[in-house]
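Note that ligands are numbered from 1 as they come in the structure, with each ligand's atoms numbered from 1 the same way.
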Amino acid sequence: MQIVKGKAGWIEVICGPMFSGKSEELIRRIRRAEIARQRVQIFKHAIDARYDAASIVSHSRQSLPSIAVDAPRAILEQVDDRTELVAVDEAQFFSDELVAVCDRLANLGKRVVVAGLDLDYRGRPFGPVPTLMCRAEYVTKQLAICMVCGDPAAFTQRLTQSRDQIQVGATGMYEARCRHHFEVPDARDAGGT
Ligand code: ADP
């Protein structure tokens with residue numbers, strides 16, 4: 001990202017399927033901000049206890065301590081006036097209110113970096129992430145590796161039978177797939193959506 005001098009804040013979105021390195025990229029940006037001695041606060045949704053309830057953790061086991069919250073409003077309430085970078089991981093689990101909260105923080109002059117899935121297990125837009133992509137100044141869409149053929153993968157294949165939009169899990173429950181090998185669960189019942 002460019003170095004911006006002045007008081008304007010902005011929003012960065014890091015999106016893509018599971019295993020595409022969103023958390024790694026978020027952690028990389030946070031570490032660079034910390035090297036620049038910026039004040040950073042890191043949030044994640046309380047639902048994501050994948051490896052650690054109090055940290056953001058990548059599949060490659062990098063981690064940073066974070067604050068677990070269950071609603072976007074709680075982020076706003078806990079951000080310190082002096083914080084320069086607000087990071088949010090697993091944004092897809094939050095309500096649409098996350099968009100207004102990120103806008104508010106950027107308008108206050110903060111750099112807001114949000115990572116999350118853009119598509120759910122059926123390939124549909126997921127939670128507030130697509131709208132955040134529209135509102136963001138910077139969008140990075142990452143790709144994983146298709147576990148069937150090795151091509152770049154933009155989709156997350158659920159390997160279990162659950163039909164809930166949210167089913168928290170990682171390796172064994174989900175894998176990355178390219179568009180050729182991504183299979184929409186219950187495609188025949190989906191009514192074309
Ligand atoms: P995300 O936050 O997008 O789920 P992470 O940052 O947690 O991704 O993890 C990315 C890491 O996952 C990669 O660096 C790699 O070590 C590992 N990985 C496991 N499966 C895959 C895959 N199919 N494609 C790419 N990376 C994978």
From CA spacing to verdict: side-chain contact (heavy atoms from CB on, under 4.5 Å), Tyr174, Gln157: CA-CA 5 Å; Tyr174 294 96; Gln157 186 74 53; over 6 Å; no
Nitrogen or oxygen of Ala144 less than 3.5 angstrom from that of ligand 1: no
Atoms of ligand 1, numbered as shown, that sit under 4.0 Å from any heavy atom of Met18: 4 (O)
Atom indices of ligand 1, in the order listed, that fall short of 4.0 Å to a heavy atom of Ser58: 5 (P), 6 (O), 7 (O)
Close N or O approach (Lys22, ligand 1; < 3.5 Å): yes
Salt bridge present between Glu34 and Arg32 (N-O < 4.0 angstrom): no
For residues 92-105, dump all side-chain donor-acceptor pairs below 3.5 Å to protein atoms at least two apart in sequence or in another chain.
{"residue": "Gln92", "atom": "OE1", "partner": "Leu117", "partner atom": "N", "Å": "2.9"}
{"residue": "Gln92", "atom": "NE2", "partner": "Glu90", "partner atom": "OE1", "Å": "2.7"}
{"residue": "Ser95", "atom": "OG", "partner": "Glu97", "partner atom": "N", "Å": "3.3"}
{"residue": "Glu97", "atom": "OE2", "partner": "Arg73", "partner atom": "NE", "Å": "3.3"}
{"residue": "Glu97", "atom": "OE2", "partner": "Arg73", "partner atom": "NH2", "Å": "2.6"}
{"residue": "Asp103", "atom": "OD2", "partner": "Arg135", "partner atom": "NE", "Å": "3.0"}
{"residue": "Asp103", "atom": "OD2", "partner": "Arg135", "partner atom": "NH2", "Å": "2.7"}

Short side-chain donor-acceptor distance under 3.5 Å, Glu12 and Thr140: no
Min N/O separation His59 to ligand 1 under 3.5 Å: yes
Proximal atoms of ligand 1 relative to Ile145 (non-hydrogen, under 4.0 Å): 22 (C), 23 (N), 24 (N), 25 (C)
Mode of Met147 contact toward ligand 1 - side chain, backbone, both, neither (heavy atoms, under 4.0 Å): side chain
4.0 Å heavy-atom contact, Gly16 with ligand 1: no
Ile67 side chain near Gln41 side chain, heavy-atom distance below 4.5 Å: yes
Basic-acidic side-chain contact under 4.0 Å: Arg82, Asp80: yes
Trp10 side chain reached by Arg111 side chain, heavy atoms, under 4.5 Å: yes
Ligand 1 contacted by Ala153 (non-hydrogen, < 4.0 Å): no
Atom indices of ligand 1 within 4.0 angstrom of Pro17 heavy atoms, with elements: 3 (O)
Short N or O distance, Gly21 and ligand 1, threshold 3.5 Å exclusive: yes
Short side-chain donor-acceptor distance under 3.5 Å, Gln167 and Thr160: yes
